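Input: a single structure, listed below in structure tokens.
This chain uses plain numbering: 1 for the first residue, then up along the sequence. Values below: every heavy atom of this structure, side chains too, minus hydrogens, waters and symmetry copies. Because the structure is predicted, anything quoted here is derived from the model rather than measured.
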Amino acid sequence: NQRHVGALLDDYGSDKEMPYLHLGIRYGGWKPKDGSEELVAGFGELFVVKNRLPESFSELKATPLVTEEEVEGLVGPVQNSMDSCVEAGKLAKDLGGIGCCDCCHDFGCNCGRKFPHLTGLNYLWLTPTLFSSLCRLGHEVSGGVVKAVTADARSQPSRRWRDQIEI
């Protein structure tokens, strides 16, 4: 199913639930201007994952700090414990990007662009809760692209686009 790249980008931009964009790339495979023999085509793939908050995550709570056990997969994320100053029940989308510690989110310094759409400067000083929430969002929204990239080599469902290209 071939589509113009502009249409794919428009779809990805407007559909915030789309976790990633998958583009097939064809390198070469056309006749040079000098009339010499046609070049052999090469193929590649590009997976784009953006740092954005899907609507289905709009009620995501600010989360407690990421633990070593969670990163190792020994335990799931802890939902009921907050080891920081952030008030219980605060939504992740309300976390501001300018702050020096978690208490800033509740006591008047919760300014700047909000989670996860921070400015580049804001990434220089992430509060622990903001960092944990970004990590967990990345983990949740990247599952589909990880499966697509690591698909079984025999079935390769993510590579069917190649069958649509005439060489």
Side-chain angles (χ1 to χ4, degrees), residues 3-25 44-153 155-161:
R3 295 183 61 210
H4 188 276
V5 70
L8 293 170
L9 292 172
D10 287 344
D11 287 351
Y12 186 61
S14 63
D15 183 359
K16 302 300 184 210
E17 291 299 318
M18 228 174 134
Y20 64 94
L21 177 64
H22 180 197
L23 299 172
I25 304 170
E45 295 177 81
L46 176 65
F47 291 87
V48 179
V49 181
K50 286 193 58 150
N51 185 24
R52 62 185 186 172
L53 188 65
E55 277 298 313
S56 59
F57 286 75
S58 65
E59 297 302 311
L60 180 72
K61 303 278 190 243
T63 58
L65 305 182
V66 174
T67 65
E68 186 175 338
E69 293 78 17
E70 185 180 347
V71 171
E72 292 174 351
L74 301 174
V75 299
V78 178
Q79 297 298 327
N80 300 326
S81 168
M82 290 299 287
D83 296 333
S84 68
C85 298
V86 177
E87 69 182 56
K90 187 172 207 71
L91 297 179
K93 69 180 180 181
D94 296 329
L95 295 175
I98 299 177
C100 59
C101 66
D102 282 338
C103 295
C104 292
H105 297 299
D106 290 325
F107 301 114
C109 296
N110 194 42
C111 45
R113 293 183 61 183
K114 303 299 185 223
F115 175 88
H117 308 290
L118 310 172
T119 65
L121 180 62
N122 297 134
Y123 290 103
L124 293 175
W125 60 83
L126 293 172
T127 66
T129 297
L130 191 52
F131 175 79
S132 293
S133 295
L134 284 168
C135 288
R136 289 196 177 95
L137 175 65
H139 181 267
E140 290 298 318
V141 300
S142 65
V145 72
V146 170
K147 286 180 184 174
V149 170
T150 59
D152 181 9
S155 61
Q156 295 188 358
S158 65
R159 291 159 175 79
R160 290 189 187 130
W161 63 270

Point-to-point distance, once rounded to the nearest 0.5 Å, from [atom1] of [X] to [atom2] of [Y]:
{"X": "L130", "Y": "L95", "atom1": "CG", "atom2": "CG", "answer": "5.5 Å"}
{"X": "K147", "Y": "S142", "atom1": "NZ", "atom2": "OG", "answer": "10.5 Å"}
{"X": "R3", "Y": "L8", "atom1": "CZ", "atom2": "CG", "answer": "5.0 Å"}

Looking at [X] and [Y], what are the two nearest heavy atoms and their distance?
{"X": "L21", "Y": "M18", "value": "CD1-CE, 4.2 Å"}
{"X": "L65", "Y": "E70", "value": "O-OE1, 4.5 Å"}
{"X": "T129", "Y": "A62", "value": "CG2-CB, 3.9 Å"}
{"X": "F115", "Y": "L60", "value": "CE2-CD2, 4.4 Å"}
{"X": "K114", "Y": "D94", "value": "CD-O, 3.8 Å"}

Within a reach of under 6.0 Å around NE2 of H117, are more than 12 heavy atoms found that belong to other residues, nucleotides or ligands? yes

Answer yes or no: is there a side-chain heavy-atom contact under 4.5 Å between [X] and [Y]?
{"X": "R136", "Y": "P64", "result": "yes"}
{"X": "L118", "Y": "L126", "result": "yes"}
{"X": "K61", "Y": "L91", "result": "yes"}
{"X": "L134", "Y": "N51", "result": "yes"}

Determine, step by step, whether K16 and K50 satisfy the side-chain contact (heavy atoms from CB on, under 4.5 Å) criterion, reporting the C-alpha distance in whole Å, the side-chain angles of both residues, the deciding distance to 0.1 Å, and the verdict. CA-CA 10 Å; K16 302 300 184 210; K50 286 193 58 150; over 6 Å; no

Between E17 (side chain only) and E55 (backbone N and O only), is there a donor and an acceptor less than 3.5 Å apart?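 Yes; at least one donor-acceptor contact below 3.5 Å.
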
Look at the rings of H22 and F47 and say which category their plane angle falls in: under 30° parallel, 30 to 60° tilted, over 60° perpendicular.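 Parallel.
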
Mind running side-chain contact (heavy atoms from CB on, under 4.5 Å) on R52 and Y12 for me, showing each step along the way? CA-CA 11 Å; R52 62 185 186 172; Y12 186 61; 2.9 Å; yes

